[in-house]
Amino acid sequence: MAEPKENVLMEKIVSLCKRRGFVFQSSEIYGGINGFWDYGPLGAELKRNVKDLWWQSMTRLREDVVGLEATIVMSPEIWRASGHVDTFADLMRECPLTRKRVRTDQVEARSGMAYRFAGAEVAGTDGRVEKAFAVLVDKGGHPESARKKAREFFLASLPAADGDPARITLLGEQTAAVEDSIDFHPDSSVELGPSRPFNLMLQTWVGPIQSDENVAYLRPETAQAIFAQFKNVLETSRQKLPFGIGQIGKAFRNEVTPRNFTFRSREFEQMELEFFIKPDEVVEAISGSVNTQPVEGHPGEPQADWGWQRWHQYWVEERVRFYEGIGLSRSTLGFHHQTPEELAHYARATTDILYKFPFSKADASGVVKGDELEGIAARSDFDLSQHERFSGKPMGVFDEELRTAWTQLSPERQAELSRRYFEARLRYLTKAGLPAEKGDKEAREDADGLAKGQYIPHVIEPSAGVDRLILALVANAYSEVTETDAKGKSETRVVMRFHPRVAPIKVGVFPLLKNKPELVSKARAIHQMLKSEFNCFYDESGAIGRRYARQDEAGTPFCVTVDFDTLGEKPELLDTVTLRHRDDSRQERIAIRDLVGWLRERVR
RNA sequence: GCGGGCGUAGCUCAAUGGUAGAGCGCCAGUCUUCCAAACUGGUUACGAGGGUUCGAUUCCCUUCGCCCGCUCCA
C-alpha cells in the first residue's frame, strides 16, 4: 500500500511549512483552532505572488476583465437570492437510517403506529447494541416493514451479523399510536434525530443588538458580490458583453470536517472570475450561427460566434495555462467533468481542475484524479436572474448590436430565436417556483426584450481556491536530495523547487566570507540594488554551503555570491558574481550590471 | 458528528511517580576562497484544565489540536 508513504510525505510537508515559516496553525499558543491556518513570512510572500499573478493575468493583461473588491459582510438578502440561506442556515433533522435531512419546519404531520426498539443483538454472539430507533407505520401498513428497517439500521453497528439483517434479533419492541407527529421522515418514515442548525455559513450580528433581525453572514463565496454589483460595474467600466469581473478575497464556511492541512479550511481565500457572455440565442441573432464545433485544447482568441460551450472550454484552457505558468504541469493536474447528477440544477457544465495531492485518493479503478483546485462552471443566467427577482432591480443589459441585428432577421428566425429564449426563461422561472401564468407572462416579456436588444447575460465562472493552490505549489515543489559528503556522511536535505515566479524569495545575496569587509560591503550594495525589485535575502552567517542549503529549503531559485574575483583578484572578472541555481547547483559568472535584467526575465 | 491513533525543545526522538536528555536546527563568536566543515558559548519542551498523591510529564477524567476511517462537502 502506498498510503502510509503518502501520509509521511504529507507530514513532512506540514512539518517543513512550520519549520520554515510557510504555514502555522492559527492561535497555536492557545491550542489552535480547528480549520484555521496562518501564513508565516515565506507563506505570505508565496501567497501574495500567486494572487498578484492571478490578478495580473486575469485583469490587467486583459482588456475584457475588470476587478472588484467587495465586503465580506453583505446584505443577508444576497444569500437568500443565491440559495445559501435556504440550504444551509436552517434547523435540520436527519434520518438516522438514510442520512437524509429535512428542514425541521417542513416536516409534514403524520399519523399511524410507531414501532419503537430499544436495541438489537446477534443471537449466539456478544454482538449487542442499545440504541433507540423508531419507525412509523401507516394505518394498514405491515409491522414487518418496520422491523426490516430497524434491522437495517442496527446492522451498521453490529459487525457480528456479518452484513446479514436476518441474523439480527430486535430488542424491546413497543408500539404506540401516533397522531399528527412531525417527528418522522416523510420518505423513510424513520423517527428523526434531534433538530440541529446546519449552518455552513458563519454568522454574526450587525450592530450592537444580537437579534434575529440583525443576523448577517460572512460570505461563503466571493462570487455573489460580483453579481450584486454587476450593474454598477457595467455602467462605470465602459465594458460591453462579453466581459468579466474578477475578485480575490476571503470566504468562510463552517465546514463539517476541516481536513488535509489547509486544503479544507473554514476561512479561506478565493480568486473568482465571473465572465458574462451573451446567451446563445443572442449570439446566433448577431453572428448568424453559434460555433459549437468541438476543438481539442485551447480554442484560441475569443470570437463573436462563441456560445457558452466555447467560452467554457476557453476558460478551462486559460486556467490550465495559468497553472502551467506557475509550475504545475498538466501531468500533475487532473480533470473532472461533473456528471448531470452532480451538477447544480442551474449549471450547464462544470469542469473541475484537480491537483494530485499526496493525500488524494485513488478512485474505484485505481486512478488518482486529484482534489479540486478550481471549478469552471457554466452557470447560465441563474445568478443574475435570482438577484433580479429578489432585489426587484433589472439585471439585464442593453445590446446595441443585438437590436440592430434583430431587425435584419427574417420573421421566421426572429420567431424561432424568440421561442427558444422564451423556453429557457420559462424553465428558469418555473424552477424558481413562479405560478404557471405568471412565469409564462414574464418569460414572454423577457423574450420580447430580445427585439429591443435586452437580455440577461449568462456567466462562466472560474473559481479557484488560493489556499489550495498554495498547498499544491508547496507539495509540488517539495523534493529531497540525499548527498554523501567526502567523509561518507550522507545527509538528506529539502529543496523546494518553486517556479521562480511564485518563489517567496527570488534571490539570496551572500559575501563569500563575512570576515572580509570588502566582500561584505559589496554584497550589501548588491542586496540594496536588487531589493527594490525582487524579494531578496542577505545572509553572511556560517559557511557558504549552509547558506545555499537554507535558501534551497526556502525555495529561493537563485543565489548571488560576492567573492574575491568580484573585487578584481582576476582583473577580467571584476564586478562579476557567482550566480548559483537552486535546482542543479549549477554556477555561472555574471556581471553585476546584468543581474537585474537577468533576474527580471526569469522571475516575471 | 461517530470510531481509532497520537500530543515531550523549532524538527526527529529518549527517559522517568521525585532535578526532563540527545542529535539536528537556530543565535553569537572564532575560523573558513563556493554547497548544511570545525571549535566555543547560548537558546528552547512535557498541548490545556481538573483530580488522585507528600510529590504527576508519567495514573485517572475533561478539553483542545493533529492524523486515519466513516459522515458531510452550497
Side-chain angles (χ1 to χ4, degrees), chain A residues 3-4 6-8 10-12 14-21 24-37 40 79 82-89 92 94 96 99 101 131 156-157 159 193-194 196 198-201 219-221 223-224 251 253-261 263-264 266 342 344-347 359 361 371-372 375 377 463 481 483 485-487 489 491-495 510-516 519 540-553 559-567 569 577-582 584-587 589:
Chain A
E3 269 157 23
E6 283 154 1
N7 251 330
V8 169
M10 208 49 220
E11 273 166 31
K12 283 177 171 178
V14 174
S15 165
L16 175 98
C17 280
K18 181 174 182 189
R19 180 155 47 87
R20 289 313 309 246
F24 304 126
Q25 197 176 12
S26 169
S27 322
E28 195 192 73
I29 60 167
Y30 291 102
I33 173 166
N34 192 303
F36 296 86
W37 301 90
W79 308 113
S82 69
H84 287 86
V85 170
D86 281 348
T87 323
F88 292 110
M92 309 278 280
E94 196 175 67
R99 296 267 173 211
R101 286 175 192 152
K131 232 190 267 183
S157 25
R196 284 187 301 199
F198 273 69
N199 291 336
L200 252 66
M201 286 195 287
R219 64 184 177 196
E221 61 174 33
Q224 292 305 323
R253 292 180 203 181
N254 222 340
E255 295 288 350
V256 179
T257 315
R259 270 290 161 89
N260 291 326
F261 197 28
F263 184 80
R264 176 170 293 143
R266 290 185 164 132
E342 290 172 313
H345 66 83
Y346 48 79
F359 51 77
K361 303 264 185 316
D371 286 283
E372 188 184 339
S463 166
V481 178
E483 275 159 356
D485 65 15
K487 295 176 200 120
K489 200 174 88 178
E491 196 168 56
T492 299
R493 51 193 192 83
V494 173
V495 180
F510 318 138
L512 183 58
L513 300 172
K514 82 164 163 185
N515 60 355
K516 297 286 185 290
L519 294 179
E540 59 178 32
S541 82
I544 189 77
R546 170 175 298 251
R547 286 177 253 159
Y548 285 146
R550 281 198 283 239
Q551 292 307 312
D552 286 348
E553 217 174 40
C559 288
V560 161
T561 299
V562 171
D563 59 17
F564 294 93
D565 289 335
T566 312
L567 304 175
E569 193 168 276
V577 288
T578 301
L579 196 143
R580 183 260 190 187
H581 296 254
R582 173 195 65 203
D584 52 10
S585 305
R586 186 160 48 91
Q587 297 193 350
R589 204 75 201 172

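Numbered from 1 within each chain, the chains take letters A, B, ... in sequence-line order.
- Below the 3.5 angstrom threshold, one finds a donor paired with an acceptor across the side chain of R259(A) and the base of rG69(B).
- When the P atom of rC35(B) is taken as reference, atom CG of L579(A) falls 16 Å away, rounded to whole Å.
- Partners of D563(A) by side-chain hydrogen bond (donor to acceptor under 3.5 Å, both in side chains), not counting sequence neighbours, listed by chain and number: T566(A), R589(A).
- Put simply, the side chain of R547(A) and the base of rC35(B) share no donor and acceptor less than 3.5 Å apart.
- Counting non-hydrogen atoms under 4.0 angstrom, F261(A) reaches the backbone sugars and phosphates but no base.
- Under the rule for a side-chain hydrogen bond (donor to acceptor under 3.5 Å, both in side chains), the partners of R20(A) that lie at least two apart in sequence or sit in another chain are E553(A).
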*Using a cut-off of 4.0 Å between protein heavy atoms and nucleotide atoms, how would you tag nucleotides 22-31 of chain B 5' to 3' with B, S and -?*
---SSS-S-B
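- Applying the side-chain hydrogen bond (donor to acceptor under 3.5 Å, both in side chains) rule to R547(A) yields no partners; only residues at least two apart in sequence or on another chain are considered.
- Scanning for side-chain hydrogen bond (donor to acceptor under 3.5 Å, both in side chains) contacts around Q25(A) gives an empty result, with sequence neighbours left out.
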*Under the ring pair (Phe, Tyr, Trp, His ring centres under 6.0 Å) criterion, do F261(A) and F359(A) qualify, and how do the steps go?*
CA-CA 10 Å; F261(A) 197 28; F359(A) 51 77; 9.3 Å; no
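- In the set rC11(B), rA36(B), rC72(B), the nucleotide with an atom closest to the side chain of E553(A) is rA36(B).
- Counting any heavy atom pair closer than 4.0 Å across all strands shown, S15(A) reaches sugar-phosphate atoms only and no base atom.
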*Which dot-bracket string describes RNA chain B (Watson-Crick N1-N3 plus N6-O4 or O6-N4, or G-U N1-O2 and O6-N3, all under 3.5 Å; [ ] crossing; | other strand)?*
(((((((..((((....[..))))((((((.......))))))...(((((..]....))))))))))))....
